[in-house]
Amino acid sequence: MPETPVLYVLNGPNLNLLGVREPHIYGHETLADVQALCEAAAEGATVVFRQSNHEGELVDWIQEARTEASALVINPAAYSHTSVALLDALKALTIPVVECHLSNPAAREEFRRHSYVSLAATGIVSGFGSHSYELAVKAALRLARERSATPAR
């Protein structure tokens, strides 16, 4: 791992509408607010923060993270429940992957209770609003630092 860890934070469809779309579920913070929270939580790590409504672009960024990142936080949004493509890309990673959700999918509609992404995630943080990101960033970076401190066998 590089001296300064690089953390990718990837956001899926409709997260560009945070603060406007269903604030009773997703909160009043904007995606820019979430980005600032992630950067503060990263405590000096480099944060690459991106959002796309397009599945293929998210796949490209996951593949990029394979060689450029120390860890990955992903809020796949609706793609959690539908995207085998994201799952397959994530399975190619050897870095920690933390799945993140603003709401608690397990407490919502039945179709939201299954996540393909979870099959490749090291861990999941959900249900804490924008603080889910803060917790996910801290967890991902801690896992990355622990991994870099462990001698290769």
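Note that the numbering runs from 1 along the sequence shown for the chain. Please read all numbers here as calculations on a predicted model, not as lab measurements.
The backbone N or O of Asn53 sits nowhere less than 3.5 Å from a side-chain atom of Asn14 that would complete a donor-acceptor pair. Without hydrogens or angle criteria, Asp60 side chain to Glu57 main chain gives no donor-acceptor distance under 3.5 Å. Side-chain atoms of Ser80 come within 3.5 Å of backbone N or O of Ala77 as a donor-acceptor pair. A distance-only check finds no donor-acceptor pair linking the side chain of Thr122 to the backbone of Val98 [under 3.5 Å].
Proximity of Val9 to Val48: side-chain heavy atoms (C-beta onward) are nowhere separated by under 4.5 Å. Using a 4.5 Å heavy-atom threshold, the side chains of His101 and Ser132 count as separate.
Taking the side chain to side chain contact (heavy atoms under 4.5 Å, CB included) definition, one finds that Leu93 meets it with Ile62, Arg66, Leu72, Leu90, Ile95, Val97, sequence neighbours left out. Every residue two or more places apart in sequence or in another chain that forms a salt bridge (charged side-chain N to carboxylate O under 4.0 Å, His left out) with Glu64 is listed here: Arg50.
Tested against Ile124 for a side chain to side chain contact (heavy atoms under 4.5 Å, CB included), the candidates Ser118, Cys100, Ser115 yield a single pass: Ser118.
Linking ILVMFWY residues whenever their side-chain heavy atoms come closer than 4.5 Å, directly or via other members, leaves Leu37 and Ile74 in distinct clusters. Leu102 is connected to Leu31 through a chain of hydrophobic side-chain contacts under 4.5 Å among Ile, Leu, Val, Met, Phe, Trp and Tyr, so both are in one cluster.
A side-chain donor-acceptor contact under 3.5 Å links Asn11 and Tyr133.
Note that the CD atom of Glu55 and the OG1 atom of Thr82 stand 6.0 Å from one another [nearest 0.5 Å]. The distance from atom OG of Ser148 to atom CG of Leu143, rounded to the nearest 0.5 Å, is 11.0 Å. Rounding to the nearest 0.5 Å places OH of Tyr79 at 7.5 Å from NE2 of His54. Atom CD of Gln35 and atom OG1 of Thr30 lie 9.5 Å apart (nearest 0.5 Å). Taking CG of Leu18 as the reference point, atom CG of Asn16 lies at 8.0 Å (rounded to 0.5 Å).
Shown here for Gly44 and Thr4, the closest heavy-atom pair between the two residues is O-CG2, 3.4 Å. The two residues Ser70 and Pro5 have their closest heavy-atom pair at OG-CA, 3.5 Å. The shortest heavy-atom contact between Leu87 and Leu119 is CD1-CB, 3.8 Å. What you find for Cys38 and Val47 is that their closest heavy atoms are O-CG2, 4.2 Å. Among all heavy-atom pairs drawn from Glu68 and Tyr8, the shortest one is CB-OH, 3.5 Å. When every heavy atom of Ala144 is checked against every heavy atom of Ala71, the shortest pair comes out as CB-CB, 4.1 Å.
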*Steps toward side-chain contact (heavy atoms from CB on, under 4.5 Å) verdict (Leu10, Asn75)*: CA-CA 6 Å; Leu10 303 181; Asn75 182 344; over 6 Å; no

